[in-house]
Amino acid sequence: MERTLAKEARQKTGRRVRLCGWVHRLRDLGNLTFLMLRDRSGLIQVVLEGKDHPELRQETVVQVEGKVVASDKAPDGVEIQAAKVEVLSAVEYDYLPLAVNSGVIKEGLDTILNHRVLSLRNPLVHGIFLVQQEIVRAFREFFRNRGFTEIHTPKIVAEGAEGGAEMFPVKYFKRRAYLAQSPQFYKQMMVAAGYERVFEVGHAYRAELHNTKRHLNEYISLDVEMGFIQDEHDLMAIENEFLRYLFTVLPERCGEEFAKYGVELTDPGAIPELTVGEAQALLKKEYGKSLAGGNIDAEAEKLLGRYIKAKTGSDFLFLTAFPVAKRPVYAMPMADEPALTKSFDLLYKGLEITTGGQRIHSHRMLYEKMVAFGLNPEDFGFYLDTFKYGVPPHGGFAIGCERLTMQLLNLANIREASLFPRDMERVTP
RNA sequence: GGAGCUGUAGUGUAGCCGGUUUAACAUGCCAGCCUGUCACGCUGGAGAUCGCGGGUUCGAGUCCCGUCAGCUCCGCCA
């Protein structure tokens, strides 16, 4: 008999089916036992009559055969009257280290992460990665539909995009290499290679000594780079469009998950913008907070997020016109204001989820910038050489996938949005 | 790199200005009863050398030092 998923049982009411899954919960009433069966599609109630069952415990892997019956007394109006229950795989634990079947997560983050396979079985935790999957899927769909090519760039690299201090060194045969902190150089090179528009879903590695609820040392970067732009506003426009698409598609594809997290997604509309200068003036005026040249710290991000939400109703805010000193060497300076760059950040609920901007496409300008930044152009040979052969005006941005997931679901810690987070202390599981 | 906080059954917490219990509560676990549960209920039971090491003291889960682990924040960033 073909396997039926919990979700599909309803369509087979009156028929005999075979279901497979885990014992989510047992309610033993003596001569009657209710078994909640969990599979990848969800939960369904199985009714076992009599006392004669195989040894069932929570999380035992079982196969059930029985008739699908519609019943007002069943949790979802449908249940399985079991004729046969078979243990496919027994459990051997003394205690479950965490509650797989609770509606709320009471365990601490450490317990959740140490027992990741079990915590991911909890439907609430499970849902986080269904949402994340849909974010990535929507990202791919959206950009493919606009003529972007999906690329895969190396994660073992020779030099960093912003220096070398925050990179993980790798012993690479007889020399030293690093884990890529960003696909920056390579995605620009793919624009130059004639693909014009590229995107990548890939890991980025940061050896920063940070230990906060919004930082990981390994994270998924949703990268975009496109050629033949007018300026950074083209990039902001397409990111804005992507977010509107995402917010349309997510409720359709994982509305249940958002409901569980009590989140309602509404069209972000046109995202408001402030220059860094305007934002600083506003922070000074509204909150008496002064910041050093071009700096927007974490507290400022939160305040701006709150302010914009109150003023415009938007959860998003673009910050633009960052000073040269606050941006990497490849950031395009403004023609009429060379101390500022054509770059932007995107805040979502008071947290930076994107950095982007127009890049320098002139070989000479880039070379001179590197010298001005105290970098040795020879260290960037293959990247710098690219610009000798005709690179269109271009730019791009990157979205932190875990950060977006976290903010969408209002998670308290970014580690919850990573299957197996890597932070300063954690390399296992 | 800097700063602060926490560590008590499987899990989540209480107890913490030294002595009142055999360290409490919830949940989970085990056993028994129950044919409509849905966080099932009821009865009974097991489960903690209070992270580890040292010190102060007549006496330490409680105070001090060290150590390990975790969390949070700053800088930096997605």
Side-chain angles (χ1 to χ4, degrees), chain A residues 24-36 43-51 57-59 69 71-77 79 81 91 93-115 118-119 122 160-163 165-167 181-184 202-224 292 295-302 322 326-328 345-348 351-356 397-407 412-415 417-418 423-426:
Chain A
H24 187 68
R25 187 187 293 281
L26 283 167
R27 293 192 193 93
D28 183 355
L29 275 63
N31 269 321
L32 184 69
T33 298
F34 295 99
L35 184 166
M36 291 302 289
L43 296 168
I44 188 155
Q45 175 162 287
V46 177
V47 185
L48 312 175
E49 297 215 12
K51 284 177 182 287
R57 299 178 70 197
Q58 255 188 68
E59 301 308 310
V69 178
S71 166
D72 299 343
K73 292 179 279 186
D76 295 306
E79 63 190 14
Q81 295 287 351
V91 293
Y93 62 84
D94 291 328
Y95 302 97
L96 283 176
L98 47 77
V100 171
N101 60 13
S102 72
V104 287
I105 313 294
K106 61 171 185 173
E107 285 82 12
L109 189 57
D110 199 37
T111 305
I112 290 172
L113 296 177
N114 284 340
H115 304 279
L118 278 180
S119 64
N122 184 302
E162 3 249 290
E166 59 206 7
M167 302 185 76
Q181 61 184 174
S182 155
Q184 185 60 37
H203 279 110
Y205 299 88
R206 301 281 164 100
E208 300 285 353
L209 299 170
H210 42 37
N211 185 21
T212 78
K213 58 184 173 189
R214 64 180 191 283
H215 285 104
L216 293 169
N217 292 297
E218 177 182 62
Y219 71 93
I220 301 165
S221 185
L222 306 176
D223 265 275
V224 173
N295 212 42
I296 301 286
D297 63 23
E299 190 201 11
E301 287 181 0
K302 269 185 209 125
F322 282 82
K326 303 299 293 181
R327 291 277 142 156
D345 276 4
L346 177 63
L347 307 186
Y348 177 33
L351 176 70
E352 181 182 335
I353 61 161
T354 282
T355 292
F397 56 89
I399 304 172
C401 183
E402 293 89 345
R403 280 196 178 180
L404 178 55
T405 310
M406 165 169 86
Q407 294 302 82
N413 194 306
I414 195 166
R415 283 164 255 235
S418 178
D423 62 33
M424 278 177 70
E425 305 298 338
R426 185 176 290 278

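A note on names: the letters A, B, ... follow the listed sequences, proteins ahead of strands, and every chain is numbered from 1.
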Has [X] got a side-chain N or O lying under 4.0 Å from the OP1 or OP2 atom of [N]?
X        : N     : value
A:Gln407 : B:A78 : no
A:Arg25  : B:G28 : no
A:Ser182 : B:A78 : no

Original post:
Could you walk me through whether A:Arg327 and A:Asp345 pass the salt bridge (Lys or Arg N to Asp or Glu O under 4.0 Å) check?
Top reply: CA-CA 11 Å; A:Arg327 291 277 142 156; A:Asp345 276 4; 2.6 Å; yes
NA contact type, [X], heavy-atom cut-off 4.0 Å: base, sugar-phosphate, or nothing?
X        : answer
A:Ala298 : sugar-phosphate
A:Glu59  : nothing
A:Glu425 : sugar-phosphate
A:Ile220 : nothing
A:Arg426 : nothing
A:Asp28  : base
A:Leu29  : base

Side chain of [X], heavy atoms from C-beta onward: which of [options] has the nearest atom to it?
X        : options             : value
A:Arg403 : B:C71, B:G28, B:C77 : B:C77
A:Thr212 : B:G28, B:C74, B:A78 : B:C74
A:Glu49  : B:A26, B:U35, B:C76 : B:U35
A:Gln45  : B:C77, B:G36, B:C29 : B:G36
A:Asn295 : B:G10, B:C76, B:U72 : B:C76
A:Arg214 : B:C76, B:G10, B:C73 : B:C76
A:Gln58  : B:G75, B:A78, B:G28 : B:G28

Partner of [N] by Watson-Crick or G-U wobble geometry, both contacts under 3.5 Å, or none?
N     : value
B:C50 : none
B:C76 : none
B:C63 : B:G55
B:C29 : B:G45
B:A14 : none
B:C5  : B:G70
B:A39 : none
B:U22 : none

**OP:** Please confirm whether any donor atom in the side chain of A:His210 sits under 3.5 Å from an acceptor in the base of B:C77, or the reverse.
**Re:** no
Original post:
Does any donor-acceptor pair link the side chain of A:Lys213 with the base of B:U72 at a separation under 3.5 Å?
Top reply: no
Original post:
So, do A:Lys302 and A:Asp297 sit near enough that their side-chain heavy atoms are less than 4.5 Å apart?
Top reply: no
Subject >> Identified side chain to side chain contact (heavy atoms under 4.5 Å, CB included) partner of A:Leu35 from the options A:Ile44, A:Val47, A:Val46 >> reply: A:Val46
Original post:
Would A:Phe34 pass as stacked on B:G36, i.e. its ring centre under 5.5 Å from the base's six-membered ring centre and planes under 30° apart?
Top reply: no
Original post:
Taking A:Thr111 for the side chain and A:Glu107 for the main chain, is one N or O donor matched with an acceptor at less than 3.5 Å?
Top reply: no
